[in-house]
Amino acid sequence: MEATDSGFLPESLPIDVHYNKLLDWLVDRKHCTTGWQSKAYAVREKISQAVQDMPAVQEITQLLRGSYINYYHCLRIVELLKISEADTKNFFGQYSSKRMKDWREVLQLYEKENLFLAESASMLARYVNYEIPATKRQILRCQQIQRECSRKESECTANAVLLRNKFLALCRDLKIEGNDVKSELRGLVDELPSVYETVLERIKGLDECVKYYEEFVLFIAPSASGSTMLAMIKFMRLHGNATVYQWRTGKVPDRVLAPVIQATVEEENTETVWDFYCVQPRDAF
């Protein structure tokens with residue numbers, strides 16, 4: 001047989017066949033038979049029986065883990081069995097292992113009347129028409145979810161920074177550092193006596209204001225009683241930081257027990273964790 005000008009024999013020239021018509025082309029050219037589906041079903045049953053007894057080889061286990069075992073998987077399994085079943089090989093090069101016999105029988109059924117070609121053409125059409133488009137749609141959905149998650153992550157990060165700034169601003173207003181909010185807030189109780197003294201000092205300087213207020217009220221409402229106006233301020237100007245008992249009864253108590261202010265924070269089993277990149281405190285205060 002003469003070769004063409006390019007040096008290829010006519011049998012080796014490539015033929016362009018549309019993937020969707022490949023199976024029909026194989027059947028029309030008598031490479032495969034029209035009843036290949038029933039024969040493929042018989043092969044599937046043989047494979048189901050063969051996988052029941054397999055050696056503990058990692059690669060074989062990974063191959064069998066797939067949802068569909070095709071001809072090319074069977075070829076690889078036979079190659080691996082030649083290694084794992086090498087001790088069952090006899091003098092004539094034959095394997096006495098039932099595993100090898102089962103899988104070689106599967107290959108023979110696949111290669112009979114080119115059944116593997118028909119199955120491969122059918123799988124190719126199914127993958128191109130259905131599996132690949134479905135996978136692309138799944139990829140698009142996953143990419144959309146990824147973009148949404150990235151957007152939410154950015155929003156949460158921005159909100160975390162905003163909340164952290166608000167938290168620090170509140171801490172500055174309360175004059176605390178914010179490292180241990182509970183103990184720092186309770187520690188502010190120690191400053192109350194000095195706050196009371198400051199208030200009393202400022203009240204003592206309100207003589208002119210109190211006098212002006214009384215005169216203004218009497219001018220507007222002459223029937224008003226001057227003794228009831230600004231009673232608390234007048235009492236504190238005269239008696240200082242007195243007791244509630246003296247304020248209500250007008251009598252000085254014989255003895256005053258000053259409260260002991262304790263701002264010590266007991267150790268707790270739970271601890272507040274301030275994580276401004278994942279705002280989930282373990283224990284709200």
If you measure from [atom1] on [X] to [atom2] on [Y], what distance do you get to the nearest 0.5 Å?
| X | Y | atom1 | atom2 | result |
| --- | --- | --- | --- | --- |
| Cys171 | Arg164 | SG | CZ | 9.5 Å |
| Gln62 | His73 | CD | NE2 | 11.0 Å |
| Tyr127 | Thr135 | OH | OG1 | 10.0 Å |
| Leu75 | Leu80 | CG | CG | 11.0 Å |
| Met100 | Leu81 | CE | CG | 5.0 Å |
| Cys156 | Arg151 | SG | CZ | 9.5 Å |

With a 6.0 Å cut-off (strictly less than), is the heavy-atom count around [atom1] of [X], excluding the residue itself, greater than 12?
| X | atom1 | value |
| --- | --- | --- |
| Arg202 | CZ | no |
| Glu153 | CD | no |
| Glu155 | CD | yes |

Which pair of non-hydrogen atoms, one from [X] and one from [Y], has the smallest distance, and what is that distance?
| X | Y | answer |
| --- | --- | --- |
| Tyr19 | Ala125 | CD1-CA, 4.0 Å |
| Leu174 | Leu188 | O-CD1, 3.8 Å |
| Ala50 | Asp102 | CB-CB, 4.1 Å |
| Trp36 | Leu23 | CZ2-CD2, 3.7 Å |
| Leu117 | Cys32 | CB-SG, 4.0 Å |
| Glu177 | Glu184 | N-OE1, 3.1 Å |

Do [X] and [Y] have side chains that approach each other closer than 4.5 Å (heavy atoms only, starting at C-beta)?
| X | Y | value |
| --- | --- | --- |
| Cys142 | Ile145 | no |
| Val128 | Asn20 | no |
| Val78 | Leu107 | yes |
| Leu64 | Ile77 | yes |
| Gln58 | Ile60 | no |
| Met229 | Val210 | no |
| Lys39 | Leu109 | no |

**Report entry** Ser120/Asn70 under side-chain contact (heavy atoms from CB on, under 4.5 Å): CA gap, chis, key distance, verdict
**Finding:** CA-CA 8 Å; Ser120 299; Asn70 55 41; over 6 Å; no
Query raised in the report: Which is it for Leu26 and Asn114 under the side-chain contact (heavy atoms from CB on, under 4.5 Å) test, yes or no, and what are the steps along the way?
Result: CA-CA 9 Å; Leu26 291 172; Asn114 294 322; over 6 Å; no
Requested in this report: Evaluate the criterion side-chain contact (heavy atoms from CB on, under 4.5 Å) for residue pair Glu105 and Lys46; output intermediate values, then yes/no.
Outcome: CA-CA 9 Å; Glu105 184 180 352; Lys46 187 65 178 176; 3.1 Å; yes
Query raised in the report: Looking just at side-chain N and O atoms, do Glu45 and Tyr41 make a donor-acceptor pair shorter than 3.5 Å?
Result: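 The answer is yes; a qualifying pair exists.
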Query raised in the report: Do Arg141 and Gln144 have side-chain N/O donor and acceptor atoms under 3.5 Å apart?
Result: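 Gln144 and Arg141 do not have a side-chain donor-acceptor pair below 3.5 Å.
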Spell out, as yes or no, whether a donor-acceptor pair under 3.5 Å connects the side chain of [X] to the backbone of [Y].
| X | Y | result |
| --- | --- | --- |
| Lys204 | Val199 | no |
| His239 | Met236 | no |
| Gln52 | Ser48 | yes |
| Ser122 | Ala118 | no |

Query - Electrostatic pair Lys234-Glu214, nearest N-O below 4.0 angstrom - result: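 Yes, this pair counts.
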Query raised in the report: Going by an N to O cut-off under 4.0 Å, is there a salt bridge joining Lys211 and Asp207?
Result: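 No, Lys211 and Asp207 are not salt-bridged.
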Query - Glu148/Lys152 under salt bridge (charged side-chain N to carboxylate O under 4.0 Å, His left out): CA gap, chis, key distance, verdict - result: CA-CA 6 Å; Glu148 292 178 359; Lys152 291 181 180 179; 5.3 Å; no
Report task. Could you tell me which residues satisfy salt bridge (Lys or Arg N to Asp or Glu O under 4.0 Å) with Asp173, sequence neighbours excluded, listed by chain and number? Result ->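 With neighbours one apart ignored, the set is empty.
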Query raised in the report: Quick one: side chain to side chain donor-acceptor pair (under 3.5 Å) partners of Arg126, sequence neighbours excluded?
Result: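 For Arg126, no residue satisfies side chain to side chain donor-acceptor pair (under 3.5 Å) once neighbours in sequence are set aside.
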Query - Geometric class of the His31/Trp25 ring pair [parallel <30°, tilted 30-60°, perpendicular >60°] - result: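 Rings of Trp25 and His31: parallel, under 30°.
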Query - Geometric class of the Phe116/Tyr71 ring pair [parallel <30°, tilted 30-60°, perpendicular >60°] - result: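 Aromatic pair Tyr71/Phe116 classed parallel.
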Report task. Spell out, yes or no, whether Ile132 and Met123 are grouped together once hydrophobic residues are joined by side-chain heavy atoms under 4.5 Å, including indirect joins. Result ->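 In one cluster with Ile132: Met123, no.
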Query raised in the report: Can Arg44 be said to sit on top of Tyr68's aromatic six-ring, NZ or CZ under 6.0 Å from centre and within 45° of the ring axis?
Result: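 Cation-pi check for Arg44 and Tyr68: passes.
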Query - Check against salt bridge (charged side-chain N to carboxylate O under 4.0 Å, His left out), Glu79 and Arg76 - result: CA-CA 5 Å; Glu79 292 297 325; Arg76 182 57 184 166; 5.8 Å; no
Query raised in the report: Can you list every ring-ring contact (aromatic ring centres under 6.0 Å, His included) pair that touches residues 173-213, not counting sequence neighbours?
Result: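 Found none.
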